[in-house]
Each structure stands twice: as structure tokens, then as C-alpha cells.
*Asks:* 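I have a structure here, written as C-alpha cells, and I will follow up with some questions on it.
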Amino acid sequence: MSDPAHELLAWFRTRQRAVPGRREADPYRIWVAEVMAQQTRIQTVAPYYDSFLERFPDIAALAASSLDDVLKAWEGLGYYGRARNLHRAARELMRDYGGRLPEDPARLRALPGIGPYTAGALASIAFGRPEPAVDGNVRRVLSRLRDLEAPSPPVLDALARSLIADADGEAGPLNQALMDLGSSVCTPRSPRCPDCPVSASCLSLERGTVSLRPGRRPRRELPHHDIGAALVWRGSMLLIARRPEDGLLGGLWEFPGGKVETGESPAEAARREVREELDVETEILRPADTVRHAYSHFRITLHLFHARWVSGGPPLAAGPADSPRWVRPDELVLYAFPAANRAIIRRLSRAEEAPHRHPGQA
DNA sequence: AACTCGGGGAG
DNA sequence: CTCCCAGAGTT
């Protein structure tokens, strides 16, 4: 008689991978690992995880930091709302819970950035509670195990709970076993069913529908946008601006610019957007760089131009959080930029090593 | 339920 | 190139 829960636990014990948060006992460190892992691959998370915890070793340190510092530590990880929510949640925890995470899933769920999955993961892994933690991997494993095309969250929840009920109080290890199985064996394509500890219980394997489970939603084709942006030089200083906190890339810094309208050249768009957004008049000098970048739901081609400041904008000296602001090129590394801008900065600093004249200097 | 929100690795 | 990932918030 098959016993999926015990098969999963036994399999998990034999192959504990080195995963951020896996060997941790501190709920805060598990929390950070789970949030970083949302929609993000484990290899991507690892380097961020260590440096983030070194920079913010506990909830109090995170709550006491500025959002800019947290975003800088998050730079390149994507979904920057996660960093904003983590920061907000830390402050709520200091105010309402004495700087500790609550153990109750419902209270966890009420914190910003903690949804059904993360609340279940924390409750089970950090606090040993018998709660399900259904992420994309677990959803796929359970869909195949029961041969379900599109199980709803309540159904998945119930399936996970029934496994947990057979797991002898080992909810955390069982949840992690399901996730591990999904990421290493029960993969979206080319699953390794011969290596699967629960293949004897798998209804999809029995029916030959493994590759069809779970069903995929049809996807739309990605629209493409051309963006014009400017490296506005004022002597040896560059103009950067902070994006609004809500919305795409919220709170990150960027070189000012915007969408190219129909009948407009990228250079014209750059000059117009700088004037409209920052009230700064410029003269476009020459193309600086072009970067293509893909987001989840659209693609952009970023056309960047060297430009000369003419008038308007902030004073040369400004407070640390003022936007827009003038910075020296070597100061750019202190600010959190989107990946598309970061690629430009890399190439800019490489070019900086070769002898040349600044476009804006006399 | 549908849509928004990044980035990167695998195939 | 396409797909999709240790999801959550908003509408």
C-alpha cells in the first residue's frame, strides 16, 4: 500500500540540498529566504540572501533602515514591491509584535508581502505548524499526483493538508519535500519520473498525462516599446531621478526618459520627457547606448543619448533622498537602478577607463 | 478572475 | 526564441 507522505519524507531526508533558509532556525532569516524565493530561482537568490542578512541581520535593523538602502540590497532581484513590503512589514512587527514574527498563519497573512504561500511556509517551516505551503512546484506535483488539470487553491490546500495529516507532525519537511520534488524531479518539462519517490501513487503517470498537468494558460504576445532617455550632463555631473514608489520598478532610480510617441524620434522623446517630468531643458548631443530588455508582459528598446543641461532642474547640491538630483558618475553605484539601466552604467564605467573627453565638458 | 509586477536560467 | 519560476496585491 502506497504511503506518499512517508515516501516524501524519507526521500527528503536523503537529499537535503544547500538552500537559503533551509538550515536556518531564525524565523526572520527563513522569512527573508521565502520572500526572495517568490517567483525567483534559487541560484539567483543565494548571493542576495547572504549579503542582505549581513546588511540587515534582524528585524530591528531592517526596520531602522531607509527604503533606499533596502532597495539597493534588492537591486537586480526584481519585483521590487517585495523589498518595499518587507521593509514595511519589519516596521509593523516592531510596532505591533515587539520585533518578532507571529506564529499564527492568519496574523502572518496580514503582514504586507506575506500571502497564502509565505504564511504557510513560515508557519510550517519556522514554527512547526501543520499548514500547507502551495507554491508553483507543489501545485505541479499535486496536479500530477491526482491528475488534475487546473485545481483551485482550496482543492490544492485540501490535498496538501491530507498529506500533512499523514506526516507525523513533520509539516515543514513535508512541504519542503514537495517543493524540492517539484524543482528537481517533477519538473515542468522532461520530468524524471523513474527517480520519483511517489511515482507509484501518481495518477498522471499511470494515465500518461504527466506532460499535460497542470494545464497552461494561453499567453498573449508581448508588446514592444521604444524608450528615449538621456544622460544629462552638467559639467561632470549626471541627472538621475527616482521613480514613484507604486508601479513598475517603484522607488528605483533611473536616467530620465519615457516612451517614444508615434511620429517622434527617440532623441525627441528623451528631450520631451526630461522637460515634462523634471522641468529640465536639454540639448541632445549624440547617441550613447542602446539596450534591449524583456519584462514579463512587454519588451523595451532603451535608446540612451548624451545630452547637455541647458536650464532648470534641481540645485547641484541636494539632500540624500532628493529626486531628481545631480551625481558624479562614480556615485551611480550607490543608487538602485533597474537592470536595463544597470547595463548602461556598466558599459559607461568601462568606457570611463579609456581616456576621453566628457561630452558635457567645455 | 484578471491583471500587474522583474529578472534570469533552462531548453 | 519561449517558458516559467519557493507569489502577492489590486481591481
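Naming: A, B, ... by sequence-line order, numbering from 1 per chain.
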*Asks:* B:dT4 P sits how many Å from A:Arg84 CZ, rounded?
*Replies:*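 Whole-Å distance recorded here is 16 Å.
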
*Asks:* Looking at A:Asp157 and A:Arg161, is any side-chain nitrogen of the basic one under 4.0 Å from a carboxylate oxygen of the acidic one?
*Replies:*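 Yes.
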
*Asks:* Using the C1' atom on both, measure C:dC5 against B:dG6 and round to a whole Å.
*Replies:*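 Comparing C1' positions in C:dC5 and B:dG6 gives a spacing of 12 Å.
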
*Asks:* Tell me whether the NZ or CZ atom of A:Arg234 lies within the 45° cone about the ring axis of A:Trp326 and under 6.0 Å from its centre.
*Replies:*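 The answer is yes, since A:Arg234 meets both limits relative to A:Trp326.
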
*Asks:* Checking all strands, does A:Gly76 fall into the base, sugar-phosphate, or nothing category for heavy-atom contacts under 4.0 angstrom?
*Replies:*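 Here A:Gly76 touches the backbone only, sparing every base.
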
*Asks:* Report the nucleotide, chosen from B:dG7, B:dC5, C:dG7, that has the shortest atom-to-atom distance to any side-chain atom of A:Gln38.
*Replies:*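 Looking only at side-chain atoms, A:Gln38 lies closest to C:dG7.
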
*Asks:* To the nearest Å, how far apart are A:His293 NE2 and B:dC5 C1'?
*Replies:*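 To the nearest whole Å, that distance equals 12 Å.
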
*Asks:* Side-chain N or O of A:His297 versus OP1/OP2 of B:dC5: is the shortest distance under 4.0 Å?
*Replies:*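 Yes, such a contact exists.
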
*Asks:* How many whole angstroms separate atom CH2 of A:Trp74 from atom C1' of B:dG7?
*Replies:*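 So the two atoms are 13 Å apart, to the nearest Å.
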
*Asks:* Are any of the side-chain nitrogens in A:Glu245 or A:Arg84 under 4.0 Å away from the carboxylate oxygens of its partner?
*Replies:*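 No, no charged N to carboxylate O under 4.0 Å.
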
*Asks:* At 4.0 Å (heavy atoms only), tell me whether A:Leu249 reaches a base, stays on the sugar-phosphate, or touches nothing.
*Replies:*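 Contact class for A:Leu249: sugar-phosphate only.
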
*Asks:* Less than 4.0 angstrom between a side-chain N/O of A:Tyr48 and OP1 or OP2 of B:dG7, yes or no?
*Replies:*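 So the side-chain polar atoms of A:Tyr48 never come under 4.0 Å of the phosphate oxygens OP1 or OP2 of B:dG7.
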
*Asks:* Can a side chain N or O of A:Gln39 be found less than 4.0 Å away from OP1 or OP2 on C:dC5?
*Replies:*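 False: A:Gln39 side-chain N/O out of range (4.0 Å or more) of C:dC5 OP1/OP2.
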
*Asks:* Mapping A:Tyr80 and A:Ser190 onto DNA chain B by nearest heavy atom, which one lands closer to the 5' end?
*Replies:*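 Residue closer to the 5' terminus by nearest nucleotide: A:Tyr80.
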
*Asks:* Of the listed nucleotides (B:dG6, C:dC1, C:dC4), which one gets closest to any side-chain atom of A:Arg41?
*Replies:*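 Among the listed nucleotides, the one closest to the side chain of A:Arg41 is C:dC4.
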
*Asks:* Select base, sugar-phosphate, or nothing to describe what A:Arg109 touches, counting heavy atoms under 4.0 Å on all strands.
*Replies:*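 Counting heavy atoms under 4.0 Å across all strands, the contact made by A:Arg109 is with sugar-phosphate only.
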
*Asks:* So if I take every side-chain heavy atom of A:Ser183 and compare against C:dA6, C:dG9, B:dG6, which nucleotide ends up nearest?
*Replies:*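 The answer is C:dA6, which lies nearest to the side chain.
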
*Asks:* At 4.0 Å (heavy atoms only), tell me whether A:Leu86 reaches a base, stays on the sugar-phosphate, or touches nothing.
*Replies:*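 Contact class for A:Leu86: none.
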
*Asks:* What distance, rounded to whole Å, do you find between the two P atoms, one in C:dA6 and one in B:dG11?
*Replies:*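 The same atom, P, in both gives a distance of 13 Å.
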
*Asks:* Under 30°, 30 to 60°, or over 60°: which ring-plane class applies to A:Trp31 and A:Tyr28, parallel, tilted or perpendicular?
*Replies:*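 A:Trp31 and A:Tyr28: perpendicular rings.
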
*Asks:* Do A:Arg271 and A:Glu281 sit within salt-bridge range, that is, some charged N less than 4.0 Å from a carboxylate O?
*Replies:*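 Between A:Glu281 and A:Arg271 there is a salt bridge, with a charged N closer than 4.0 Å to a carboxylate O.
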
*Asks:* With a 4.0 Å cut-off, would you call A:Asp226 and A:Lys259 a salt bridge?
*Replies:*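 Salt bridge absent between A:Asp226 and A:Lys259.
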
*Asks:* Might you confirm whether atom CG of A:Asp96 has over 12 heavy atoms from other residues, nucleotides or ligands at distances under 6.0 Å?
*Replies:*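 Count over threshold, so yes.
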
*Asks:* Heavy-atom nearest nucleotide on DNA chain C for A:Ile114 versus A:Pro188: which residue maps closer to 5'?
*Replies:*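 Per heavy-atom nearest nucleotide, the more 5' residue is A:Pro188.
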
*Asks:* Show every salt bridge (Lys or Arg N to Asp or Glu O under 4.0 Å) that has at least one partner inside residues 188-206 of chain A, sequence neighbours left out.
*Replies:*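 For residues 188-206 of chain A: none.
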
*Asks:* Could you give the CZ-to-P distance, from A:Arg82 to B:dG6, as a whole number of Å?
*Replies:*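 Roughly 9 Å, once rounded to whole Å.
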
*Asks:* Using a strict 4.0 Å threshold on nitrogen-to-oxygen distance, state whether A:Asp322 and A:Arg242 make a salt bridge.
*Replies:*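 The answer is no: the pair does not qualify as a salt bridge.
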
*Asks:* So if I take every side-chain heavy atom of A:Arg299 and compare against C:dT2, C:dG9, B:dG7, which nucleotide ends up nearest?
*Replies:*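 The listed nucleotide nearest to A:Arg299's side chain is C:dT2.
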
*Asks:* Phosphate oxygens OP1/OP2 of C:dA8: is one of them under 4.0 Å from a side-chain N or O of A:Thr118?
*Replies:*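 Yes, within the criterion.
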
*Asks:* Rounding to an integer number of Å, can you tell me how far A:Glu245 CD sits from B:dT4 P?
*Replies:*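 Distance check: A:Glu245 CD to B:dT4 P gives 21 Å.
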
*Asks:* In whole angstrom, what separates A:Leu77's CG from B:dG8's P?
*Replies:*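 Value for this atom pair: 9 Å.
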
*Asks:* Which residues in residues 136-155 of chain A have at least one heavy atom lying under 4.0 Å from any atom of DNA chain C?
*Replies:*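 DNA chain C contact set from residues 136-155 of chain A: A:Gly136, A:Asn137, A:Arg140.
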
*Asks:* For A:Phe337 and for A:Arg189, find the nucleotide of DNA chain B with the closest heavy atom, then tell me which residue's nucleotide is more 5'.
*Replies:*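 Between the two, 5'-proximity favours A:Phe337.
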
*Asks:* Taking atom C1' of B:dT4 as reference, at what distance in whole Å does atom NE2 of A:His225 sit?
*Replies:*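 Spelled out: NE2 on A:His225 to C1' on B:dT4 is 13 Å.
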
*Asks:* From B:dG7, C:dG9, B:dG9, pick the nucleotide closest to the side chain of A:Gln43?
*Replies:*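 Per side-chain heavy atoms of A:Gln43, the pick is B:dG9.
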
*Asks:* Across the strands shown, which category fits A:Tyr117 at heavy-atom distances under 4.0 angstrom: base, sugar-phosphate, nothing?
*Replies:*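 Base, at least one base heavy atom under 4.0 Å.
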
*Asks:* Which of these nucleotides, B:dG7, C:dA6, B:dG6, is closest to any side-chain atom of A:Tyr79?
*Replies:*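 When the side chain of A:Tyr79 is considered, B:dG6 is the closest of B:dG7, C:dA6, B:dG6.
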
*Asks:* Mind calculating the distance between CG (A:Asp246) and P (B:dC5) to the nearest angstrom?
*Replies:*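 It works out to 10 Å between those atoms.
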
*Asks:* 5'-most contact on DNA chain C: A:Thr40 or A:Arg88, nearest heavy atom basis?
*Replies:*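 It is A:Thr40 whose nearest nucleotide is closer to the 5' end.
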
